[in-house]
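One structure below.
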Amino acid sequence: GDLENLATENFFRMTIDHLQRILDITPEIIACDRHPDYLSTQWALAQSGHPLIQVQHHHAHVAACMAEHQLDDPVIGLAFDGTGLGEDRTVWGGEVLVADYGGYRRAAHLTAVPMPGAAAAIKAPWRMALAYLDHTFGPSLWDLDLPLMRRVDHAQVQIVVQVCAQGVNAPLTSSMGRLFDAVAAILGLRLDAAFEGQAAMGLEMIADTDEKERYDFSWDAADAKQVAVAPIVAGVVEDLQRGLPAFIISAKFHNTMIEGFSLLCQTLRTENRINQVVLSGGCFQNRLLLEGLRSNLATNGFEVFCHRQVPANDGGIALGQA
């Protein structure tokens, strides 16, 4: 993944030198992420004399889980995380891939929305909330009676909406992590975050596990099926406006992701004759999401594989790249 700071990059370089020395090895091939701005990718590009293979981020996640469980046949891979560069140069993160080690097909994904401020939106969940509200309600978002709309300055809301409309420094994203952030901000749980995923963690922590209802979940009939996010966001807003507590809404949102993607996997099983599902990506550090999907998929007859020895987040993608 992205090393992000000088101390981490220095340790990365030191580890490479250390392992080559004590194991007496010289690499023949270098594999890295496709994102050109990752410090790890820049290091790889700077090396000469080695074939370089750049691996799509979410394919690496799926391959890492396959490798951990020594799976050889194609799988349906749910790769849910915050950020990964897609082949179309948008920011992926809510991906369903039909994959093996040699390649993959993007079978489904969350509908993409603008990510206002690009990477700045990671620590500003309120920006993603406005992006999803604008996508769902358009100009009617100004009429919404929400904690978010009362707590964010009117001028800031206008700027974010304009940025989304103009697409300036607002790459499209299908990220599951950003959708979790947005729902947390819409509920007023956390508008800003000290670290990536903090808002999503808060959303997980408050969920009432006794709640069984969910929101609408649908997808189109395209080759790369788009899961509609607008009905989900609309359901969250409707419940909030009619006074449902945040812990119920959080549970319904989690249930939507669990039951909805399980249904989608059933459709993909019929289309592709694949019964193995792997779960990977940083969002699967969410225990409710992980255990809920694993249980639901198993109940519907799937063989389900998730990480046990290798991190689900970007700590595991080096295995997938290899």
- Give the C-alpha distance, both sets of side-chain angles, the deciding distance and a yes or no for ring pair (Phe, Tyr, Trp, His ring centres under 6.0 Å) between F11 and H18. CA-CA 10 Å; F11 185 77; H18 176 68; 9.5 Å; no

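- The aromatic rings of H69 and F305 lie tilted to each other, with the angle between the two planes from 30° to 60°.
- Here the closest non-hydrogen pair linking F137 and L141 is CB-N, 3.9 Å.
- A donor and an acceptor atom, one from each side chain of N272 and R105, are located under 3.5 Å apart.
- For the pair I274/L268, no side-chain contact is recorded, criterion being any heavy-atom separation below 4.5 Å from C-beta on.
- The two residues L293 and L279 make their nearest non-hydrogen contact at CB-CD1, 4.4 Å.
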- Report the C-alpha distance between F284 and F80 in whole Å, list the side-chain angles of each, state the deciding distance to 0.1 Å, and finish with yes or no for ring pair (Phe, Tyr, Trp, His ring centres under 6.0 Å). CA-CA 7 Å; F284 285 111; F80 296 165; 5.3 Å; yes

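- Closest non-hydrogen pair, I186 versus P147, comes out as O-CD, 4.0 Å.
- Minimum heavy-atom separation, Y132 to A182: CD1-CB, 3.4 Å.
- Following chains of ILVMFWY side-chain contacts shorter than 4.5 Å, one can reach F247 starting from V237, so the two form part of one hydrophobic cluster.
- The aromatic rings of F217 and F261 sit perpendicular to each other, their planes meeting at more than 60°, with 30° as the lower class boundary.
- Ring geometry, H154 versus W142: the interplanar angle falls from 30° to 60°, so the pair is classed tilted.
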- Message: One pair to check against salt bridge (Lys or Arg N to Asp or Glu O under 4.0 Å): D145 and R150. What are the steps and the verdict?
- Response: CA-CA 8 Å; D145 182 20; R150 294 190 293 270; 2.4 Å; yes

- Task: Using the side-chain hydrogen bond (donor to acceptor under 3.5 Å, both in side chains) rule, take N5 and T8 through it: C-alpha gap first, then chi angles, then the decisive distance, then the call.
- Result: CA-CA 6 Å; N5 60 60; T8 309; 2.7 Å; yes

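- Looking only at side-chain heavy atoms (C-beta outward), R151 and L191 come within less than 4.5 Å of each other.
- Here the shortest heavy-atom pairing between W126 and L148 reads CB-CD1, 3.7 Å.
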- Check against side chain to side chain contact (heavy atoms under 4.5 Å, CB included), R106 and W92: CA-CA 11 Å; R106 193 187 194 194; W92 290 8; 3.4 Å; yes

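- For the atom pair CZ (F253) and CD1 (I248), the distance works out to 15.5 Å, reported to the nearest 0.5 Å.
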- Any chance you could lay out the salt bridge (Lys or Arg N to Asp or Glu O under 4.0 Å) test for K252 and E211, step after step, and finish with the verdict? CA-CA 7 Å; K252 290 178 68 174; E211 176 61 44; 5.8 Å; no

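- Between C32 and Q47, every side-chain heavy-atom pair lies at or beyond the 4.5 Å cut-off.
- Summarising the geometry, atom NZ belonging to K123 is positioned 12.5 Å from atom CZ belonging to R190; distances are rounded to the nearest 0.5 Å.
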- Query: Where do E238 and Y215 land on the side-chain hydrogen bond (donor to acceptor under 3.5 Å, both in side chains) test, with the steps shown first?
  - Reply: CA-CA 11 Å; E238 180 183 352; Y215 299 112; over 6 Å; no

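- Two residues are said to be in side-chain contact when any heavy atoms from C-beta on lie closer than 4.5 Å; R178 and T83 meet this criterion.
- Once rounded to the nearest 0.5 Å, the distance linking CD of Q285 with CG of L290 reads 10.0 Å.
- Salt-bridge formation is not detected for the pair D24/R21: no Lys NZ or Arg NE/NH1/NH2 atom is positioned less than 4.0 Å from an Asp or Glu carboxylate oxygen.
- Closest approach of L144 to M149, counting heavy atoms only: O-CG, 3.8 Å.
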